[in-house]
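As the structure is a computational prediction, the values presented were derived from the model and not from experiment.
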Amino acid sequence: MTIFSAHSTLFTRASVSLLSSNGLKRFSFASSFSSSTALHSPPLRKTKKRRFPIVSAVDIGGVTIARNDVVRDDDPTNNVPDSIFSKLGMQLHRRDQHPIGILKNAIYNYFESNYTKKFETFEDLSPIVTTKQNFDDVLVPADHVSRSLNDTYYVDSQTVLRCHTSAHQAELLREGHRRFLVTGDVYRRDSIDATHYPVFHQMEGFCVFSPEDWNQSGKDSTLYAAEDLKKCLEGLARHLFGAVEMRWVDTYFPFTEPSFELEIYFKEDWLEVLGCGVTEQRILKQSGLENNVAWAFGLGLERLAMVLFDIPDIRLFWSDDERFTSQFGKGELGVKFKPFSKYPPCYKDISFWISESFTENNFCEVVRGIAGDLVEEVKLIDSFTNKKGMTSHCYRIVFRSMERSLTDEEVNDLQSKVRDEVQRKLNVELR
């Protein structure tokens, strides 16, 4: 299924231009989709001005990927900026002393302790996949918003940066893998605030059963898989959070039926931990498993790590500041982050008349491309339509570094560049 965050292992076997068969999907259990954007929003116009140093190549699983294979200035479909390309290959989930890696290993430990040598793990799969792998193989509808340029990073019309680790599910099944965990970095164009970042990490779990399994139990195949799934994931929740109250919520995913969300009562509130369900038979049938049944789950590692480690801002996961990195050690799940400083925010507003093609995700991409991780939040604070039918938006941009105080001169320069680029790239009229 296409629910969880998993890497494609295919990239370790083929060059970047040969994307091997993985489909990423956007309906992932691990996080929600944006739902308000047009299906075919136009790509941002390329610019030669760059805040980020140009990385010429990155290494993923021993394969070198050239920038020109991913950031293509001559392709109107391509919307991958240098700031995103530079994140390829960083693989925070493979760093044992990083909160993301610590959490991943804790989940691995649970499965190894309770299902010894039954689940294979994949965490070095290429994040560059085909649209078939990312969408079609996991039953994402052809007209779903997640396929748009506004939501997904496209290398070209047939190639994307995976939106979820489920993009590797179909290939792994065809290769004969029946129980596996896939972990990896995933990419989605998104808003800017303390809990959203265009690169994050997911884990997907998948388990296939044969008729002998449920026939021996005397239960219906779907009921058998659902009960096994819930037992497994309740144990995982206790492993991570202790003896907490839990509840199951019925929900909808296009790739599972029935579908559920697991919530726990944690810190005096209900927290969604993951999404899961019994895999749609169409997915199994296309991999030659029409006589089988399976379950799948998916979870976002950053979301859970922020709760377990008390990390207040998702940008911190990407920090190299020793005041952050030195606080965590291998195997130390749940060590509480101690803020090393709170630097003052700088607020800047920008107002403009929008065009029909305007989307907030495109605006956030422009801001990120200029300010990078110095921008903490972008929020719409006012909107109105005049008598001529023109609509104005006013956004408040919060600049704040996690490591130092920003100067007025520095912030004014960033804001000036944002104004210039917004007008040039997004076809808006500044007010």
[X]: partners by salt bridge (charged side-chain N to carboxylate O under 4.0 Å, His left out), with sequence neighbours left out:
X: D59; answer: none
X: K348; answer: none
X: R396; answer: D349
X: D313; answer: R315

Less than 4.5 Å apart, any side-chain heavy atom of [X] and any of [Y]?
X: K267; Y: D310; answer: yes
X: P258; Y: V278; answer: yes
X: V199; Y: F317; answer: no
X: C364; Y: Y395; answer: no
X: K87; Y: Y197; answer: yes
X: F200; Y: R303; answer: no
X: Y187; Y: T152; answer: no
X: D321; Y: M402; answer: no

>> Ring-plane angle category for H201 and H93, please: parallel below 30°, perpendicular beyond 60°, tilted otherwise.
In response: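 Ring orientation of H201 relative to H93: tilted.
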
Atom of [X], atom of [Y] and distance for their closest heavy-atom approach:
X: V273; Y: L304; answer: O-CD2, 4.0 Å
X: D136; Y: R147; answer: OD1-NH2, 2.7 Å
X: D137; Y: Q286; answer: O-NE2, 2.8 Å
X: D69; Y: V155; answer: O-CG1, 3.3 Å
X: A106; Y: L333; answer: CB-CD2, 3.9 Å
X: V422; Y: V366; answer: CG2-CG1, 3.9 Å

Check whether any side-chain N or O of [X] sits under 3.5 Å from a backbone N or O of [Y] as a donor-acceptor pair, and report yes or no.
X: E272; Y: I264; result: no
X: T159; Y: D156; result: no
X: N361; Y: R189; result: yes
X: R247; Y: L262; result: no

For residues [X] and [Y], is any side-chain donor paired with an opposing acceptor at under 3.5 Å?
X: S83; Y: R368; value: no
X: W318; Y: D373; value: no
X: S319; Y: E403; value: yes

> Does the side chain to side chain contact (heavy atoms under 4.5 Å, CB included) test come out yes or no for Y153 and N78, once each step is laid out?
Replying inline: CA-CA 7 Å; Y153 289 107; N78 184 283; over 6 Å; no

> Taking 4.0 angstrom as the limit, do D185 and R94 come out as a salt bridge?
Replying inline: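 R94 and D185: not salt-bridged.
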
> Does a salt bridge link D151 with R188, judged by any charged N lying under 4.0 Å from a carboxylate O?
Replying inline: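 So D151 does not pair with R188 through a salt bridge.
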
> Which residues pass the ring-ring contact (aromatic ring centres under 6.0 Å, His included) test with F85, sequence neighbours left out?
Replying inline: none

> salt bridge (Lys or Arg N to Asp or Glu O under 4.0 Å): which pairs involve residues 230-239, sequence neighbours left out?
Replying inline: none

> Under the salt bridge (Lys or Arg N to Asp or Glu O under 4.0 Å) rule, what pairs show up with a residue in residues 250-260, not counting sequence neighbours?
Replying inline: none

Roughly how far, to the nearest 0.5 Å, is the [atom2] atom of [Y] from the [atom1] atom of [X]?
X: L233; Y: F260; atom1: CG; atom2: CZ; result: 10.5 Å
X: L380; Y: C394; atom1: CG; atom2: SG; result: 8.0 Å
X: F253; Y: E280; atom1: CZ; atom2: CD; result: 12.5 Å
X: F266; Y: L271; atom1: CZ; atom2: CG; result: 7.5 Å
X: L139; Y: R282; atom1: CG; atom2: CZ; result: 4.5 Å
X: L103; Y: M306; atom1: CG; atom2: CE; result: 13.0 Å

Taking the ring centre of each residue, are [X] and [Y] less than 6.0 Å apart?
X: H144; Y: F135; value: no
X: F358; Y: H393; value: yes
X: Y108; Y: F119; value: no
X: F180; Y: F206; value: yes

Under the side-chain hydrogen bond (donor to acceptor under 3.5 Å, both in side chains) test, which residues partner [X], sequence neighbours left out?
X: Q97; answer: none
X: W353; answer: none
X: D213; answer: S210
X: K285; answer: none

>> Is there a side chain to side chain contact (heavy atoms under 4.5 Å, CB included) between I100 and K104? Walk through the geometry before answering.
In response: CA-CA 6 Å; I100 299 299; K104 177 211 69 177; 5.6 Å; no

> Between D75 and Y154, does a side chain to side chain donor-acceptor pair (under 3.5 Å) hold up when you go through it step by step?
Replying inline: CA-CA 10 Å; D75 188 334; Y154 277 80; over 6 Å; no

>> Please determine whether side chain to side chain contact (heavy atoms under 4.5 Å, CB included) holds for the pair F111 and C232, giving the CA-CA distance in whole Å, both sets of side-chain angles, and the decisive distance to 0.1 Å.
In response: CA-CA 9 Å; F111 277 91; C232 172; 3.6 Å; yes

> Stepwise, does the side chain to side chain contact (heavy atoms under 4.5 Å, CB included) test hold for T256 with C276?
Replying inline: CA-CA 8 Å; T256 54; C276 61; over 6 Å; no

> Can you list every pair that meets ring pair (Phe, Tyr, Trp, His ring centres under 6.0 Å) and has a residue in residues 221-240, with sequence neighbours left out?
Replying inline: Y110-H239, F209-Y224

>> Is it the case that over 12 heavy atoms from other parts of the model lie below 6.0 angstrom from the CD atom of E356?
In response: no

